[in-house]
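Contents: one structure, followed by commentary.
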Amino acid sequence: MAPRALLERRLGLPIEPSLLECALTHRSFSFENGDCPNNERLEFLGDSVLGLVVTTNLFRAHPDLPEGQLAKFRSHVVNSRALAQVARGLDLGKFLRLGKGEENTNGRDKSSILADTVEALIGAVYLDYDLDTAAGLIHRLFGSLMSVAAELGAGLDWKTSLQELTSEHGLGVPAYLVTETGPDHDKFFTAAVKVGEASFDTGKGRSKKVAEHIAAEHAYRAIRDEYGSSKQQPDAPARDAGTT
């Protein structure tokens with residue numbers, strides 16, 4: 001299957017070829033190839049479409065929440081880390097058009113580039129179709145993240161939520177141990193978390209912060225399943241720990 005067709009299959013819809021090519025073209029490629037169109041304008045558009053769709057979904061799904069909490073929920077979904085997670089789930093890096101400099105510095109797995117490209121794809125779908133079609137794509141790609149936002153509690157991140165949960169049950173403060181491998185330009189981090197004498201599944205990622213949050217998620221879910229929680233939180237699909 002051709003790369004473009006493979007990506008369209010993963011997205012769930014075809015995209016007009018010139019729009020798709022533009023959405024996948026990083027400015028580094030454009031600079032090295034006669035200033036051909038790049039994805040920055042589509043990224044700008046897609047960012048607005050994504051924000052509108054996610055905000056509307058959260059507004060309707062949580063009618064009793066105040067503006068401040070809705071804003072926190074939205075920030076959990078609309079941020080570069082979440083966007084990069086979605087991109088890695090699509091294996092989007094293999095489809096990018098990058099300049100030689102970015103190719104040589106692992107640009108296909110840079111969170112900033114991946115996040116921008118997801119927004120550009122959303123912008124392309126909006127232009128090629130309409131808002132409803134773009135919203136459908138966003139719900140497919142970000143649905144689990146929107147569900148998880150409601151599960152995380154006041155802190156809206158796994159480390160804070162884990163600390164709240166361990167405090168609730170008198171289990172002590174979580175302790176993290178992070179190791180790293182790889183050269184300076186391509187480091188990979190593994191985080192382990194202990195609560196008292198208990199250890200949990202490790203978290204792995206391209207930054208210390210990401211690895212720690214994934215490890216905290218594993219610990220949070222395990223402790224909640226064993227001890228429960230006083231917070232009324234809906235279950236949500238587990239995220240793929242290798243993609244954030």
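Scanning for side-chain hydrogen bond (donor to acceptor under 3.5 Å, both in side chains) contacts around Ser28 gives His26, with sequence neighbours left out. With sequence neighbours excluded, no residue satisfies salt bridge (Lys or Arg N to Asp or Glu O under 4.0 Å) with Asp132. Taking the salt bridge (Lys or Arg N to Asp or Glu O under 4.0 Å) definition, one finds that Arg140 meets it with nothing, sequence neighbours left out. Contacts of Thr190 classified as side-chain contact (heavy atoms from CB on, under 4.5 Å), with partners at least two apart in sequence or in another chain: Thr179, Thr202, Lys204. Judged as a side-chain contact (heavy atoms from CB on, under 4.5 Å), and not counting sequence neighbours, Phe44 has no contacts. The side-chain contact (heavy atoms from CB on, under 4.5 Å) check on Ala219 picks up Leu162, Val193, Phe200, with sequence neighbours excluded. Applying the side-chain hydrogen bond (donor to acceptor under 3.5 Å, both in side chains) rule to Asp64 yields no partners; only residues at least two apart in sequence or on another chain are considered. Partners of Ser207 according to the side-chain contact (heavy atoms from CB on, under 4.5 Å) rule, which considers only residues two or more places apart in sequence or in another chain, are Lys209, Val210.
Applying the salt bridge (Lys or Arg N to Asp or Glu O under 4.0 Å) test to residues at least two apart or on different chains, the pairs with a partner in residues 96-113 are Glu21-Arg97, Arg88-Asp109, Glu102-Lys110, Glu103-Arg108, Asp109-Arg206. For residues 26-52, every residue pair satisfying the salt bridge (Lys or Arg N to Asp or Glu O under 4.0 Å) rule, not counting sequence neighbours, is listed here: Arg27-Glu40. The salt bridge (Lys or Arg N to Asp or Glu O under 4.0 Å) analysis of residues 174-184, with sequence neighbours excluded, yields the pairs Glu180-Lys187, Asp184-Lys187.
The aromatic rings of His62 and Phe73 sit perpendicular to each other, their planes meeting at more than 60°, with 30° as the lower class boundary.
When the shell of 6.0 Å around NZ of Lys208 is examined, it contains 12 or fewer heavy atoms from other residues, nucleotides or ligands.
Here Phe29 is tied to no hydrophobic group at all, with no ILVMFWY side chain closer than 4.5 Å.
At least one side-chain heavy atom of His218 sits under 4.5 Å from a side-chain heavy atom of Ile214.
Checked by atom type, the side-chain pair Ser161/Gln163 shows no donor-acceptor distance below 3.5 Å.
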